[in-house]
K.L.:
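This is the structure I want to talk about, given as structure tokens.
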Amino acid sequence: MLFHVKMSVHLPVDMNPERAANLKAEEKALAQRLQQEGKWRHLWRIAGLYANYSVFDVDSVQELHDLLMQLPLYPYMAIEVNALCRHPSSIHADDR
Ligand SMILES: O=C(O)C[C@H]1C=CC(=O)O1
């Protein structure tokens with residue numbers, strides 16, 4: 001199951017810089033592991049924003065929910081989710 005996810009990050013302006021750096025490093029490590037595992041299929045920066053558009057490939061809505069909630073930056077994110085399904089004109093066999 002594919003899901004398009006928008007994540008907008010809003011760190012408190014007074015957050016300790018070391019804490020912020022640690023959270024970002026933990027987030028990066030998990031994001032890269034999930035990409036290697038094929039769960040986090042696309043990750044794009046939205047130009048000009050501390051936000052991304054992502055595509056997740058998961059087995060269930062519950063898996064997506066659990067995965068998003070374990071992101072280290074989750075407490076500081078606004079998240080929007082849209083379910084995707086195959087477009088009849090798509091030429092990509094792996095769109096499912
Ligand atoms: O930078 C972001 O968009 C937030 C988050 C998503 C992946 C990652 O490494 O950080």
Side-chain angles (χ1 to χ4, degrees):
M1 303 173 75
L2 296 178
F3 293 91
H4 180 268
V5 179
K6 179 182 181 185
M7 302 178 206
S8 303
V9 185
H10 304 283
L11 293 178
V13 287
D14 59 350
M15 177 178 271
N16 178 293
E18 192 178 336
R19 167 94 177 120
N22 286 339
L23 280 173
K24 289 177 187 178
E26 290 167 19
E27 180 86 16
K28 181 174 184 173
L30 180 54
Q32 293 189 333
R33 179 167 67 75
L34 291 169
Q35 286 174 80
Q36 283 159 359
E37 292 173 357
K39 295 289 179 190
W40 197 326
R41 207 193 271 191
H42 292 280
L43 173 56
W44 292 92
R45 175 65 73 221
I46 304 175
L49 298 176
Y50 189 8
N52 71 73
Y53 285 129
S54 291
V55 174
F56 285 85
D57 188 349
V58 291
D59 294 331
S60 66
V61 177
Q62 187 66 54
E63 183 182 9
L64 177 71
H65 178 77
D66 294 344
L67 203 150
L68 293 175
M69 292 208 68
Q70 74 179 20
L71 296 177
L73 288 173
Y74 175 81
Y76 308 103
M77 284 178 174
I79 297 180
E80 298 169 35
V81 175
N82 287 290
L84 303 176
C85 60
R86 184 172 175 78
H87 192 289
S89 303
S90 174
I91 63 166
H92 300 288
D94 61 344
D95 290 350
R96 63 188 194 292

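Atoms within each ligand, like the ligands themselves, are counted from 1 in listed order.
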K.L.:
Shortest non-hydrogen contact from L30 to P72?
P.N.:
CD2-CD, 4.0 Å
K.L.:
What is the distance from atom CD of Q70 to atom CD of E27, rounded to the nearest 0.5 Å?
P.N.:
10.0 Å
K.L.:
For ligand 1, output the ligand-protein N/O contacts shorter than 3.5 angstrom; if there are none, return none.
P.N.:
unit_1, atom_1, unit_2, atom_2, d
ligand 1, 1 (O), R45, NH1, 3.3
ligand 1, 1 (O), R45, NH2, 2.8
ligand 1, 3 (O), R45, NH1, 2.7
ligand 1, 3 (O), N52, ND2, 2.8

K.L.:
Within a strict 4.5 Å, meaning less than it, do heavy atoms of the Q62 and D66 side chains meet?
P.N.:
yes
K.L.:
Rounded to the nearest 0.5 Å, what's the gap from NE2 on H42 to CG on N52? Could you check?
P.N.:
13.0 Å
K.L.:
Give the cluster check for F56 versus I79: same hydrophobic cluster or not, with ILVMFWY residues linked at side-chain heavy-atom distances below 4.5 Å.
P.N.:
yes
K.L.:
Show the nearest heavy-atom pair for residues E18 and N16, with the distance to one decimal.
P.N.:
N-OD1, 2.7 Å
